[in-house]
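Down below is the structure, laid out as structure tokens.
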Amino acid sequence: MQEPNTDPKFLKPYNPQETEDRIYKLWEESGLFNPDVCIEKGVTDKDAKAFSIVLPPPNVTGTLHLGHAATLTIEDIMVRFARMQGKRTLWLPGTDHAAIATQSKVEKIIEKEEGKRKTDLGREEFLKRVEKFAQDSHDTIVSQCKKMGASLDWSREAYTLDEKRNLAVRTAFKKMYDDKLIYRGHRIVNWDPKGQTVISDDEIVYEERKAKMYTFKYSSDFPIYISTTRPETKVGDVAVAVNPSDERYEKYIGKTYVVEDFCGVPLSIKIIADEAVEKEFGTGALGVTPAHSQIDSEIASRHNLETKQVINEFAKMTVGGERILNKKTTEAREVIVAWLKENDLLEKEEEIIQNISMAERTGGIIEPLPKLQWFIDVNKKISERDNKSLKELMLDVVKDKSIEIIPERFERVYYNWIENLRDWCISRQIWYGHRIPVWYKDKEIYCGIEEPKGEGWEQDLDTLDTWFSSGLWTFSTMGWPNVNSPDFIAYRKTDVLETAYDIIFFWVARMILMTTYILGEVPFKTVYLHGLVRDTQGRKMSKSLGNSLDPVELINKYGTDAVRMSLVMGTGPGNDSKMSEDKIRAYKNYANKLWNITRFVISSKEGFEYNPTFEKYLDQEKKLIKERDEIIKEITKEIGEYKFYLAGEKIYQYTWSRFADVIIEESKPIFQNGTKEEKESRAEFMLDTLTKILKILHPFMPFVTEEIWQTMGKEKLLMVEKWPTI
RNA sequence: GCGCGCUUAGCUCAGUUGGUAGAGCAACUCAUUUACACUGAGAAGGUCGGGGGUUCAAGUCCCUCAGCGCGCACCA
């Protein structure tokens, strides 16, 4: 067949490798990822409705994985759709310093490569190394985001640890300090002996392990047996607590027993009654260790018992004779059990399944220790916010639907977390992060945005939990604390926060906390949670399992559009999905199909020029238009409702099964034997439909659609074309 | 202990307010140079985890049981 107007490019299969980088460059150089440029160039109306999203900043701990790829794809679909609808669209990029995660990663590398510890290097030198690592990770991440086709406004890129964000952090801290929401307190915290830092409750992961539960008494003349899985902590016991209604132990309550020698340590044990003790558990009597157990510490404070620390920051014993002193807790445990056996004090030992607490990032086993740390009070009433506490602020905006969570079931998860929420420990004994803006001089304490004047002030050595700065992200990236900044005014109330469900507590909740408190408004209107991407066997992808697929590798093999489609299709919100190469291959074929559809449409138009306002359609085409427009309407509605998987499926089906397989086949005889009117009507319909398919598909498969658009000789970028309206 | 999710074709998953089950991949038959082989046509494949209930009608709503997965709490 003669192909008068066909670009020779269409005679070969679509080649994503040759296309994608070139197209991204074209977009980037146009400047149209930036809404200000869109307005300047007349692409977007300056009074148009705003649409903004912040990219969940990837941690600078290495490279992007398929989960990030999913995030980028889903958000890019939303953003491109909004942009094509003529909204002033901002998608703001950034990366996260990820304090403890990055630091522990660099520590591991240095230890492996040089056999050194961070203390061998010193704070300054070590931080230089971390910064170098972070910078390299950052560069990789940025180039990967671009590979994914993400239409991010790079001119506004932010980092959670840069100067501007540091100012935001200091400002926020100071406000909370002045409002007495931040306080310094001495209490039992989660100490990570491996990372040598405190961590928050949310940074603990649990693992089921077999453990032994020992039932014993402190001495032969002690009247009550107690049970424990950690006999080594018992050298720090000051009391035995029983339930007040427990008749078995009633007669002992109030008495104090002196144990002269418990494995080399003298104890003085008071028998107390406390409601927290369950009669049915173990012997119904609880050895109270105020320094090394959260619950025990609470009991102790109710009964004015002293706190006796017996384990230090290195998880080693600080009391006892040579048998246990300076020994690791696990070793001391064996010594004490042996001692109990020798002295005939051990009644029984049983094997149980126990949840052990570990630090998420380092894998260190958590040691509860009493320490002086900084906390955010989540229960204190805030006069500036209708006398609500942070907990209440977080709860209310979801309850009253100021924030909608999709899928809805995660609202319950969110409520459940808030109900159990304790004061948030925000200080960390690590080096990489925002320094706490507090200075000490003798007994004076100063909290300020800037360093205090005068001699002799020493800044707090600790840094802040990384989520403190992440919590400010929606507005710290928009110019805050400068409330007159144009971005702050136009974009800070973001439309949707899109992320994987596994950071709902870490991040989503903290942003809601910070924004409702500091600004008195919500950070976003909708939270859209997607699931985790798993391997073909349903396992979470991880480096240690060696099952993580590298998005860049897949892109090189199949093209970005194919990877994007496979991440979106067949996945409902909040549901995990499995990734397989078969699926990606199918969408690679689809990109080529689209390519060939274009080739056919262009080659068969026979001199007719595309006329978007063509009106002389014949009945046959009118029917087809009606059918097509109905589908476009549905797709538009579905994307607006975040049902990308449905919309994508629909446009896929329409182009392939309907347009290519049926409509194109039917047109062949028309173009061969039809009248001029018939040919014209059909040719216009085909061109018009192809145009609309390309526009609708663009958010999903931006590269191939833009490449076709450009090859067809269109003036504007498809990226900023108007979405088809019916 | 509290809560959530999943169970639909061989595999991976959709199925929006209840109206006779869909897609991709794989496998099967046919077509053999076509806009496209990164292709087309066709056929095959499911008592929607088990049981019970509501309803004219249930994959969808309710109850219950089971298996798998997850979150939170507990963890003396």
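In what follows, chains carry the letters A, B, and so on, assigned in the order in which the sequence lines appear, proteins first and then strands, with residues in each chain numbered from 1. Values reported hereafter were calculated over all heavy atoms of this structure, with side chains retained and with hydrogens, waters and symmetry mates removed.
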(message) Whole angstroms only, please: what is the CG-P distance between A/Asp201 and B/G71?
(response) 16 Å

(message) When the P atoms of B/G5 and B/U16 are compared, how many Å lie between them, rounded to an integer?
(response) 15 Å

(request) Would you indicate what A/Met213 reaches in the nucleic acid, counting non-hydrogen atoms under 4.0 angstrom: base, sugar-phosphate, or nothing? (result) sugar-phosphate

(message) Classify A/Ser293 by what it touches in the nucleic acid, base, sugar-phosphate, or nothing, heavy-atom distance under 4.0 Å.
(response) nothing

(request) Grab the CG-C1' distance between A/Leu646 and B/G15 for me, whole Å please. (result) 8 Å

(request) Could you measure between the two C1' atoms, the one in B/G67 and the one in B/U29, and give it in whole Å? (result) 38 Å

(message) Give me the distance, rounded to whole Å, that separates B/A35 from B/C30 when you measure between the P atoms they each carry.
(response) 24 Å

(message) Just the rounded figure in Å: distance from C1' of B/G71 to CZ of A/Phe506.
(response) 12 Å

(request) Please list, chain by chain and in numerical order, all residues satisfying salt bridge (Lys or Arg N to Asp or Glu O under 4.0 Å) with A/Glu367, sequence neighbours excluded. (result) A/Arg230

(request) Would you indicate what A/Asn596 reaches in the nucleic acid, counting non-hydrogen atoms under 4.0 angstrom: base, sugar-phosphate, or nothing? (result) base

(request) Name the nucleic acid region contacted by A/Ile356, choosing base, sugar-phosphate or nothing; use a 4.0 angstrom heavy-atom cut-off, strictly under. (result) nothing

(request) Can you tell me the distance, in whole Å, between the CD atom of A/Glu649 and the P atom of B/U16? (result) 14 Å

(message) Distance check, C1' atoms only: B/A21 and B/G59, in whole angstrom units.
(response) 8 Å

(message) Any carboxylate oxygen within less than 4.0 angstrom of a Lys/Arg side-chain nitrogen, looking at A/Glu638 and A/Lys643?
(response) no

Grab the N/O contacts between the protein and nucleotides 4-8 of chain B below 3.5 Å, and write none if there aren't any.
from	atom 1	to	atom 2	distance (Å)
B/C4	OP1	A/Arg412	NH1	2.9

(message) Tell me every residue that passes ring-ring contact (aromatic ring centres under 6.0 Å, His included) with A/Phe81, counting only those two or more places apart in sequence or in another chain.
(response) A/Trp723

(message) Between B/G15 and B/G22, how many Å separate the two P atoms, rounded to a whole number?
(response) 15 Å

(message) Looking at A/Glu621 and A/Arg628, is any side-chain nitrogen of the basic one under 4.0 Å from a carboxylate oxygen of the acidic one?
(response) no

(request) Under 4.0 Å between any heavy atoms, over every strand shown, what does A/Val288 touch: base, sugar-phosphate, or nothing? Just pick one. (result) nothing

(request) For A/Lys588, answer base if it contacts any base atom (sugar-phosphate contacts may also be present), sugar-phosphate if it contacts only those atoms, and nothing otherwise; contact means non-hydrogen atoms under 4.0 Å. (result) base

(request) Could you walk me through whether A/Ile366 and A/Asp192 pass side-chain contact (heavy atoms from CB on, under 4.5 Å), step by step? (result) CA-CA 5 Å; A/Ile366 296 303; A/Asp192 169 13; 4.2 Å; yes

(request) Map A/Met569 and A/Gly287 onto RNA chain B by nearest heavy atom, then report which one ends up closer to the 5' terminus. (result) A/Met569

(request) Give the nucleotide from the list B/C38, B/C75, B/C72 with an atom nearest to the side chain of A/Phe505. (result) B/C72

(message) Taking only side-chain N and O atoms of A/Lys578, does any of them lie within less than 4.0 angstrom of OP1 or OP2 on B/C13?
(response) yes

(request) Whole angstrom is fine here: how far is it from OH in A/Tyr415 over to P in B/G3? (result) 17 Å

(request) Using a cut-off of strictly less than 4.0 Å between a heavy atom of the residue and any atom of RNA chain B, enumerate the qualifying residues of residues 636-644 of chain A by number. (result) A/Lys643

(request) Measure from CG on A/Asn355 to C1' on B/C75 and round the result to the nearest Å. (result) 7 Å

(message) A side-chain contact here means heavy atoms from C-beta on lying under 4.5 Å apart; do A/Glu20 and A/Ile555 qualify?
(response) yes

(message) Suppose you measure atom C1' in B/U8 against the same atom in B/A23; what distance do you get, rounded to whole Å?
(response) 13 Å

(message) Could you tell me if A/Ser245 and A/Lys279 have a donor-acceptor pair between their side chains, going purely by distance under 3.5 Å?
(response) yes

(request) Could you pull out all residues at least two apart from A/Tyr610 that satisfy ring-ring contact (aromatic ring centres under 6.0 Å, His included)? (result) none

(request) Can you sort out the partners of A/Glu275 under side-chain contact (heavy atoms from CB on, under 4.5 Å), two or more places apart, ordered by chain and number? (result) A/Asn243, A/Pro244

(message) Please give the distance between the P atoms of B/C11 and B/G52 as a whole number of Å.
(response) 26 Å

(message) Just checking A/Phe644 against A/Phe700, ring centres under 6.0 Å apart?
(response) no

(message) Taking side-chain contact (heavy atoms from CB on, under 4.5 Å) as the definition, give me every residue that meets it alongside A/Thr711, ordered by chain and number, with sequence neighbours left out.
(response) A/Asp7, A/Lys9, A/Phe10, A/Glu707

(message) Mind checking if A/Ile226 touches a base, just sugar-phosphate, or nothing, with heavy atoms under 4.0 Å?
(response) nothing

(message) How many whole angstroms separate atom OH of A/Tyr14 from atom P of B/C36?
(response) 19 Å

(message) When the P atoms of B/A66 and B/G50 are compared, how many Å lie between them, rounded to an integer?
(response) 16 Å

(request) Please report, rounded to the nearest Å, how far the P atom of B/G71 is from the CD atom of A/Glu207. (result) 12 Å

(request) Salt-bridge test for A/Arg209 and A/Glu207: reply yes if a basic N is under 4.0 Å from a carboxylate O, no otherwise. (result) yes

(request) Would you mind reporting whether A/Thr689 and A/Tyr654 have side-chain heavy atoms less than 4.5 Å apart? (result) yes

Can you name the atoms? Protein N/O to nucleotides 40-43 of chain B N/O, anything below 3.5 Å, with the distance.
from	atom 1	to	atom 2	distance (Å)
B/G40	OP1	A/Lys593	NZ	3.3
B/G40	OP1	A/Trp656	NE1	2.2

(request) With heavy atoms under 4.0 Å as the rule, sort A/Ala660 into base, sugar-phosphate or nothing. (result) base

(request) For A/Tyr206, report the nucleic acid contact type (base, sugar-phosphate, nothing); a contact means any heavy atom under 4.0 Å. (result) base

(request) Mind checking A/Tyr645 for me? I need base, sugar-phosphate or nothing, with any heavy atom below 4.0 Å counting as a touch. (result) sugar-phosphate

(request) Applying ring-ring contact (aromatic ring centres under 6.0 Å, His included), name anything that partners A/Tyr257, two or more places apart in sequence or on another chain. (result) A/Phe222

(request) Taking side chain to side chain donor-acceptor pair (under 3.5 Å) as the test, write out the residues that go with A/Asp274, two or more places apart. (result) A/Arg302, A/His303

(request) Find which nucleotide of RNA chain B each of A/Thr571 and A/Ile597 is nearest to by heavy atoms, and output the residue with the more 5' nucleotide. (result) A/Thr571

(request) Using both pair distances under 3.5 Å as the test, note the stems of at least 3 consecutive Watson-Crick or G-U pairs that include RNA chain B. (result) B:1-7 with B:66-72, B:10-13 with B:22-25, B:28-31 with B:39-42, B:49-53 with B:61-65

(message) Could you tell me if the side chain of A/Arg564 sits less than 4.5 Å from the side chain of A/Tyr587, heavy atoms only?
(response) no

(request) Kindly write out the residues that satisfy side chain to side chain donor-acceptor pair (under 3.5 Å) with A/Trp417, not counting sequence neighbours, or none if the list is empty. (result) A/Asp202

